[in-house]
**Q** 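Just passing along the structure, written as structure tokens.
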Amino acid sequence: MSYKLPMGPYHPGLEEPYKLEMICDGETVCDAKLHIGFNFRGIEHLAETRNYVQLIALMERVCGICSFIHTLTLCQALEKLTGLEPPPRALYIRVIMAELERLHSHVLWAGIAAKLMGFKTMFMACFAYREKVMDMLQGISGNRVNYSMNRIGGVNRDIVDPTAVLNMVSDLESEIARDLVPVFTTSSTARSRCAGIGLLTREKAVSCGVVGPTARASGVPQDLRRSAPYAAYSEMQFDVPVQTEGDVRARLLVRAHELLQSCRILRQALSRLPSGDYNCGEPKLTFATGMAVSRVEAPRGEVFYSVSWKQNARNPTRVHVRTPTYVNMPAVRWMVQGARVADAPLIQASIDPCYSCTDR
Amino acid sequence: MAATDSLNETLARGDIAADMSGIQWITAGDPDPRELTQYLQQRGARFITITAYELPPGQGFSLEYLWDLNGQLLGFTVHVEAGTVSSVFDICEAADWIEREIHEEFAIEFAGRIYEPLLLREGDRPGVNLHEVAP
């Protein structure tokens, strides 16, 4: 006899509010429905009441982990509307911040995944790595969550000592390569808890339009840093890790390898940081009438912004934000079908869901 | 197939315009979102999102459908005058949540589909979030 089992909106396995309503037969999940919106904040509406300075501060708060990515995407759209082009040093600093944020996000996710696997030692180790990344972000920006780095036409703060950051990145890369990546790629605990569960086939991944590591773990090799490069990514050498298995372990492996690729990008960007200005100063901004869009490859996948403005207007007429979790989350329904109830928390966590982004 | 063939002819005539963001806009007359969705999917494009705009009073809404084809943004615009537009959910699964969100934010009806609440709590009405005047 089938029965309904709600997981969330408040549940020990979920740190943020959303609800997975599972229809189970014994210990097997037959189907599931997802409910979001428990913390819906109406940020798109709020954005229409803000000027461009307030708008950047507002959109930084869409997400507590990808706060830099959101302002980067927004500022790239605003730069198209104003015609301002950031100087090369600003583009490199944007790459450095974006990759540090990816490191921070992936290590945080790895810690949570380790906790859900029952691998508490790794959970503590991951949060120790995360502290080091956050120290770097704080050293550059002065902040640990909302960095206030992006502005229209560049960034607000310079990286005054790239060699010091480079040394920290090299140390961290060694530690991650020595300790973290092998645990996730070779340990029997990770394999037994993750292999073969939460399957998302390539066909279903394409059909659902999933993005980021969730897509790449199902054999869809999409990455905007490669297919539609922004900032200074066209000057960086890196690989896009892809797995074809489509299970939780594949998502784990993709992110583990992406940690090393992020370090590789950081080493290039920090060692080749161009000299010169890091923003365009304080020019009088004139917004063109029209709509501009911008996309960035966030740690969880593609972030999309569409911004509309009317010339001489104080506020935008429309700001639309499409976050990666918003497209990845519906796929959880297919991932949990046929899974054991006990695996559901780990499966839903394997897309690295951001409820803050989803309930923007 | 006739619809797709005619679209191919339209696109071959060069009815595509690029904007400041580099989006290639398909500007074929009065576009049918279902025909264009099928066409773009057949070409391997990935659905990204729909951006809804409320036009001045009495003029309805504008919906911008955006797609990615190997890094290139493609889009088409559909004007919604009577508050109803054909759903593409049955042929494009990725459009499910964004159609539901637009329905709740602007009270636009996507014909041919049923909705489950996405953002709204019990007792709320569609249109309370972003519609200028809640219906």
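Numbered from 1 within each chain, the chains take letters A, B, ... in sequence-line order.
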**Q** Shorter than 4.5 Å, heavy atoms on both sides: which option in B:Asp96, B:Asn70, B:Asp68 has the most such pairs with chain A?
**A**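 Answer, by heavy-atom pair count under 4.5 Å with chain A: B:Asp68.
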**Q** Taking C-beta and beyond as the side chain, do A:Ile69 and A:Cys63 meet within less than 4.5 Å on heavy atoms?
**A**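 Side chain of A:Ile69 against side chain of A:Cys63, heavy atoms only: no contact under 4.5 Å found.
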**Q** Minimum heavy-atom separation for A:Val293 to A:Met291, with atom names?
**A**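 Looking at all heavy atoms of both residues, the closest pair is CG1-SD, 3.3 Å.
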**Q** Where is the tightest heavy-atom contact between B:Tyr65 and B:Phe47, given as atom of each residue plus distance?
**A**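 So the minimum-distance heavy-atom pair works out to CD2-CE1, 4.4 Å.
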**Q** At a 4.5 Å cut-off on heavy atoms, which part of B:Gln41 comes close to chain A: side chain, backbone, both, or neither?
**A**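 Contact with chain A involves no heavy atom of B:Gln41 at all.
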**Q** Do you know which two heavy atoms are closest between A:Thr49 and A:Arg314, and how far apart they sit?
**A**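 What the structure gives for the nearest pair is O-NH1, 4.2 Å.
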**Q** Name the region of B:Leu69, side chain, backbone, both or neither, that has any atom closer than 4.5 Å to a heavy atom of chain A.
**A**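 Neither part.
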**Q** Return the option, out of A:Ala292, A:Ala77, A:Pro330, with the maximum number of heavy-atom pairs under 4.5 Å with chain B.
**A**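 Maximum pair count with chain B is reached by A:Pro330.
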**Q** Among all residues two or more places apart in sequence or in another chain, which pass the side-chain hydrogen bond (donor to acceptor under 3.5 Å, both in side chains) test with A:Thr323?
**A**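 side-chain hydrogen bond (donor to acceptor under 3.5 Å, both in side chains) list for A:Thr323, sorted by chain: empty.
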**Q** Heavy atoms under 4.5 Å from chain B: which residues of residues 301-310 of chain A carry them?
**A**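 Heavy-atom contacts from residues 301-310 of chain A to chain B are A:Glu302, A:Phe304, A:Ser306, A:Ser308.
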**Q** Under 4.5 Å heavy-atom distance to chain A, tell me which part of B:Leu66 shows up: side chain, backbone, both or neither.
**A**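 It is the side chain, since no backbone atom gets that close.
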**Q** Any idea which of B:Ala52, B:Gly44, B:Cys92 has the most non-hydrogen atom pairs under 4.5 angstrom with chain A?
**A**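 Of the candidates given, the most pairs with chain A belong to B:Ala52.
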**Q** Side chain, backbone, both or neither: which part of A:Val211 has an atom under 4.5 Å from a heavy atom of chain B?
**A**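 Interface part for A:Val211: side chain.
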**Q** Taking A:Arg102 first and then A:Glu297, would you say they form a salt bridge - that is, a charged N and a carboxylate O separated by under 4.0 Å?
**A**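 No salt bridge links A:Arg102 with A:Glu297.
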**Q** Please determine whether side chain to side chain contact (heavy atoms under 4.5 Å, CB included) holds for the pair B:Leu63 and B:Ile108, giving the CA-CA distance in whole Å, both sets of side-chain angles, and the decisive distance to 0.1 Å.
**A** CA-CA 10 Å; B:Leu63 299 183; B:Ile108 293 172; 3.9 Å; yes
**Q** The criterion is side-chain hydrogen bond (donor to acceptor under 3.5 Å, both in side chains); which residues satisfy it with B:Gln72, sequence neighbours excluded?
**A**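 By the side-chain hydrogen bond (donor to acceptor under 3.5 Å, both in side chains) rule, B:Gln72 matches no residue at all.
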**Q** Only one of A:Arg94, A:Gln76, A:His70 clears side chain to side chain donor-acceptor pair (under 3.5 Å) with A:Asn150; which?
**A**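 Among the candidates, only A:Arg94 passes.
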**Q** Give the intermediate values and the outcome of ring-ring contact (aromatic ring centres under 6.0 Å, His included) for residues A:Tyr326 and B:Trp97.
**A** CA-CA 8 Å; A:Tyr326 196 79; B:Trp97 276 26; 5.6 Å; yes
**Q** Nearest 0.5 Å, please: how far is SG in A:Cys208 from CZ in A:Arg333?
**A**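 Nearest 0.5 Å value for the CZ-SG distance: 9.5 Å.
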**Q** So among A:Phe38, A:Tyr355, A:Phe40, which one has a ring-ring contact (aromatic ring centres under 6.0 Å, His included) with A:Tyr18?
**A**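 With A:Tyr18 as partner, ring-ring contact (aromatic ring centres under 6.0 Å, His included) holds for just one option, A:Tyr355.
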**Q** For chain B, find its close neighbours in residues 221-235 of chain A: heavy-atom separation under 4.5 Å, sorted by number, or none.
**A**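 A:Gln222, A:Leu224, A:Ser227, A:Ala228, listed by number.
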**Q** Looking at A:Arg300 and A:Cys354, what are the two nearest heavy atoms and their distance?
**A**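 So the minimum-distance heavy-atom pair works out to NE-CB, 3.5 Å.
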